[in-house]
Amino acid sequence: MAELDLVATVRVTPTAPFHFDGTLFKPDHFPSPDTTWEPGTRWQTMLWKGDALGLVIMDEGEPDHPALRVDIYATRPLDDESVDSLVAELRYRLNLDFDPDDFYLRFSRDPVLGPVLERWRGLRPAHTGSLYEYLMIGIVLQNTTVRRSIQMLRALLEAHGELLQFDGQRLWCFWPPGGLTSVSDDELRALKVGYRAKSIKRIDDAFAAEQVNEFQLRHCDGNEQRKALLALYGVGPATVVYVLTDVYHQWNALDHISPWEQKIYSRILFDTDPDDPVPVEQLLARIAQWVPYRALAVHYLWEDLWWQHTNTPLPWLTTLIRS
DNA sequence: CATCAGGGCCCTG
DNA sequence: CAGGGCCCTGAT
C-alpha cells in the first residue's frame, strides 16, 4: 500500500449551471473500490502519466457560480505541467465545459424530460476513469449480475491494481493499460472472471500494441469511434453505446437497448409492468423524439430514477436488479 | 439436490 | 441473421 501526500491544491471552474452531486455521483454505477462519495465530496484514484494519484474533488461553489477544489495526493511532488495536464484531463472527463443551453431550450417543456431537467439543472455525464478502465468495467458487466460484477472488479484490482491511502481513505488504483501482458489466462480465470478473461487479455494486448489511442479517438467522429471500439474483442453493441456516451461524450449515441434496460424504459416511458415490456422498436421510436440528444436525455431520466431509488427504494426496480 | 438465467459477445452455419 | 456456448453464482 502506498501512502500519498498532499502535493497540490487547484481551483477549477466549471461552466454554469453546475450540479455537483448529480455530476460527481452516479447512483446507477455499481460501487467500485477506486472511488467513494459523500454529498459535496468525491474521492478518486487516478493513474495519470505514470503516477498513481489520489484526488479529492470538493464542491466550493453555487450552482450558478460553480467552483471545485481539487486536492491532489501523490508519492512525489508534481511539476506545474503535470498538474495542468491533469486538470485539463479532468475538465474533459467530467465535462466541465459542458454547454447545455441548446438541449435545455429544446426540451424544457417536454412533458417527460422537462421536470427532470429542472430538478437536475447543471448535471452532466461524467466518468473519471480512462477509456481502458471503462472497458475493463464494461467487460465485467457483461452477462452477469451486478453482485458478481462488483466481485470481479474488486478481484482484478486487488490482484493487479495498487492500494492507495490518502485523506483518510483507502482506495484501489487501476493498473496501467498493457499492464497484464505477463499475466496468463489461468491467472485471470483464478479471479473468477470466467470467459471474460479472454476479452480482458485481448483488450489489454490491443492497448499494449497501441492499436487504440484514447486521445486520438477524441478527434474522430462518432462513426469512426464506434468502428474502432467494436474492433476490440469483447466490445459489442451494448458496451459501445456506454463508451460512446460516457467516454466520448456522443450525446446522441443510442441505438441499442439491452433486455434489462428495456424493462426499465418500458416502465419509465410507458408505465408498463417490467414483466410485460414494450418492444425495443417502440422504445427507440419514443427516444427518437430527443434527437440529437438521445443519450443525454436518457442519461437525465436514468439518473433521476436512480437517485429516487437511492433515496427511497422503488420495489419494482429492486426486484429487477436484485443485486 | 438440479437447473437456469443473468446489466453480452463471438463464432458458426 | 439466428442460435449455441461461455465461467460462475444465487435464485428457484
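In what follows, chains are A, B, ... by sequence order, proteins preceding strands, each numbered from 1. Quick caveat, the model's predicted, so the values are computed rather than measured.
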Is it the case that [N] (base atoms only) and [X] (side chain only) share a donor and an acceptor within less than 3.5 Å, ignoring hydrogens and angles?
X: A:Arg196; N: C:dC7; answer: yes
X: A:Arg148; N: C:dC8; answer: yes
X: A:Tyr195; N: B:dG8; answer: yes

So [X], base contact, sugar-phosphate only, or nothing? Heavy-atom distance under 4.0 Å.
X: A:Ile257; value: nothing
X: A:Arg189; value: sugar-phosphate
X: A:Tyr233; value: sugar-phosphate
X: A:Gly236; value: sugar-phosphate

Run the salt-bridge test on [X] and [Y] with the 4.0 Å N-O cut-off and return the result as yes or no.
X: A:Arg202; Y: A:Asp204; result: no
X: A:Lys26; Y: A:Asp21; result: no
X: A:Asp97; Y: A:Arg91; result: yes
X: A:Asp255; Y: A:Arg226; result: yes

Would you measure the distance from the [atom1] atom in [N] across to the matching atom in [M] and give it in whole Å?
N: C:dG4; M: B:dC4; atom1: P; result: 13 Å
N: C:dG5; M: B:dT3; atom1: P; result: 15 Å
N: B:dC9; M: C:dT9; atom1: P; result: 22 Å

Separation of atom [atom1] in [X] from atom [atom2] in [N], rounded to whole Å:
X: A:Trp260; N: B:dG8; atom1: CH2; atom2: P; value: 8 Å
X: A:Leu135; N: B:dG7; atom1: CG; atom2: P; value: 20 Å
X: A:Ile139; N: B:dG7; atom1: CD1; atom2: C1'; value: 13 Å

Proximity to the side chain of A:Lys192 - top-ranked nucleotide from B:dG7, B:dC10, C:dT9
C:dT9

Which one, C:dG10, B:dC10, B:dC9, comes nearest to the side chain of A:Gln151?
C:dG10

Under a 3.5 Å distance rule, please check whether A:Asp79 uses its side chain to pair with a backbone N or O of A:Ser82 as donor and acceptor.
yes

Should A:Ser149 be listed as having a side-chain N or O under 4.0 Å from OP1 or OP2 of B:dG7?
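The answer is no; no side-chain N or O of A:Ser149 sits under 4.0 Å from OP1 or OP2.
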
